[in-house]
Amino acid sequence: MQDKPLITHMYTADPSAKVFQGRVYLYPSHDRDIDKDQDDLGTQYEMEDYHVFSMDSIPGEVVDHGLALHVDQVPWATKQMWAPDAMEKDGKYYLYFPAKDKEDIFRVGVAVSDQPGGPFKAEPEPIKEMYSIDPAVFKDDDKSVYLYSGGLWGGQLENWRSGSFNPDDKEPGPEEKALCPIGAKLKDNMLEVAHSPVPIQILDEEGNPLKAGDEDRRYFEDPWVHKYKDLYYLSYSTGTTHYLVYATSTNPLGPFTYRGRILNPVLGWTTHHSIVEFQNRWYLFYHDCELSGGINHKRNVKVREFFYNSDGSISLMDP
Ligand code: FUB
C-alpha cells in the first residue's frame, strides 16, 4: 500500500520525528507554495518559518501547533530556514535549525521553548563552530546529547574544507576521501558545543573511508543518528543518487561502517528522513513530492513502519 501525505494543508519536508510527552512530534521544513526556477544550490528552497506537528498514534490525527519560529524572529538569520530538529532537556525544548546569515553562510541556530510545539525564542547568535545544514540531535542513554550537521552543494559543506568558510573550496575528486557530516557533543546548556565538531567517518566493509566518487554510498546530506540494541545507526541521503542509506558504529561520533540502503529514490530530487521508536514500533519518516506532482521545492511528509532483521540490519524499502 502506498504511504499517504501526512499533512495536506501546507507543503512540508525534512521530517525530524521525536517522542515527547507521549506523542510523536514532527519538526519539518515548511516549503512555500511559490514558483521558482531550480538550481543546484537549492535557491528554490526559500523557506522562512517552521510549524511543529504532533500525533498521539500512527496513523492518527496530525495536530498543527501553529507558527513555531519565523526567520524575522532570528536576529542573525536572513533566509532559507531549512531542515530542523529538536531535543528536550530538563523540561525545556530546543529547536536546532540552519539558516543563512547576513553573509550568505549557512549557520546552525537554536531556539528554546517550554513546550515541544513551540513557539520558540531564538538565541541572538548561531551556535559557535557549527556550520552547514541539516542539524540533527541525538540523546544517548547516559543523557549526553550530540549535534550533527552537514550537506553538500547548497549546504556548503565543501566550503569548509580548509577550516573556515571559503566559497572556492570544492568537493574532493572521485578518488579522494568523501566529505563527512560533522558532529559534537553539546554542553549541558544545550546552546553550545562541548568541543570543536569532528568529521563523522564512514568506512566501507574493509575499513577504508568511502570515496567521493562512490555516489551510491557516500554522504551528501540529512544525517540522522539513532540507537538500536546498543548499536548507533547513522542514516543519511546520498543526494545525487537519491538513496537513504545507513552505517553503524559502537560510538555516537563514529567511525561508522556502511551497511546498506534503506529507501529507494522518491518522487522529487531530495530525499530526507528520520527514524524513531514510538509505542514499541519503529517508523521511518520521509518526504516526496506527491502533492505537487513532482515539484522539487513543494514536498510532503510521509511515514512508514519498518522492522529490523535479527542481525540488526534494515531491509531496503520502496517508497
Ligand atoms: O529542505 C531543504 C534541503 O533539502 C534540506 O536541508 C536537505 O536535506 C534537502 O531535503
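In this chain, numbering begins with 1 at the start of the sequence shown. Note that ligands are numbered from 1 as they come in the structure, with each ligand's atoms numbered from 1 the same way. Values below: every heavy atom of this structure, side chains too, minus hydrogens, waters and symmetry copies. The structure presented is a predicted model; accordingly, all values stated were derived computationally and were not measured.
Looking at R299 against ligand 1, only its side chain comes within 4.0 Å, counting heavy atoms.
Residues H273 and Y236 keep their aromatic ring centres 6.0 Å or farther apart. The six-membered or imidazole ring of W269 lies near that of F220, with a centre-to-centre distance under 6.0 Å. For an aromatic pair to be called close, the ring centres must be under 6.0 Å apart, and W282 with Y308 satisfies this.
Nearest non-hydrogen protein atom to atom 9 (C) of ligand 1 is E221 OE2, 3.4 Å. For atom 10 (O) of ligand 1, the nearest non-hydrogen atom of the protein is D14 OD1, 2.7 Å. Atom 3 (C) of ligand 1 has W82 CE3, 3.8 Å as its closest protein atom, hydrogens excluded (heavy atom only). Residue, atom and distance of the protein heavy atom nearest to atom 6 (O) of ligand 1 are D134 OD1, 2.5 Å.
Applying the 4.0 Å criterion to heavy atoms of M47 picks out, from ligand 1, the atoms 1 (O), 2 (C). Against a heavy-atom cut-off of under 4.0 Å, H287 is close to the following atoms of ligand 1: 10 (O). Taking every heavy atom of I133 and a limit of under 4.0 angstrom, the matching atoms of ligand 1 come to 6 (O).
The shortest N or O to N or O distance between H272 and ligand 1 is under 3.5 Å.
Under a 3.5 Å cut-off, the side chain of D101 and the backbone N or O of A77 do not form any donor-acceptor pair. Checking side-chain atoms of R161 against main-chain N and O of K170 turns up a donor-acceptor pair under 3.5 Å. Remark: side-chain polar atoms of K302 are not paired, donor with acceptor, to backbone N or O of Q2 under 3.5 angstrom.
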Side chain to side chain contact (heavy atoms under 4.5 Å, CB included) between K18 and V137, intermediate numbers included: CA-CA 10 Å; K18 288 279 159 61; V137 228; 4.2 Å; yes
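For the pair Q80 and ligand 1, no heavy-atom separation below 4.0 Å is found.
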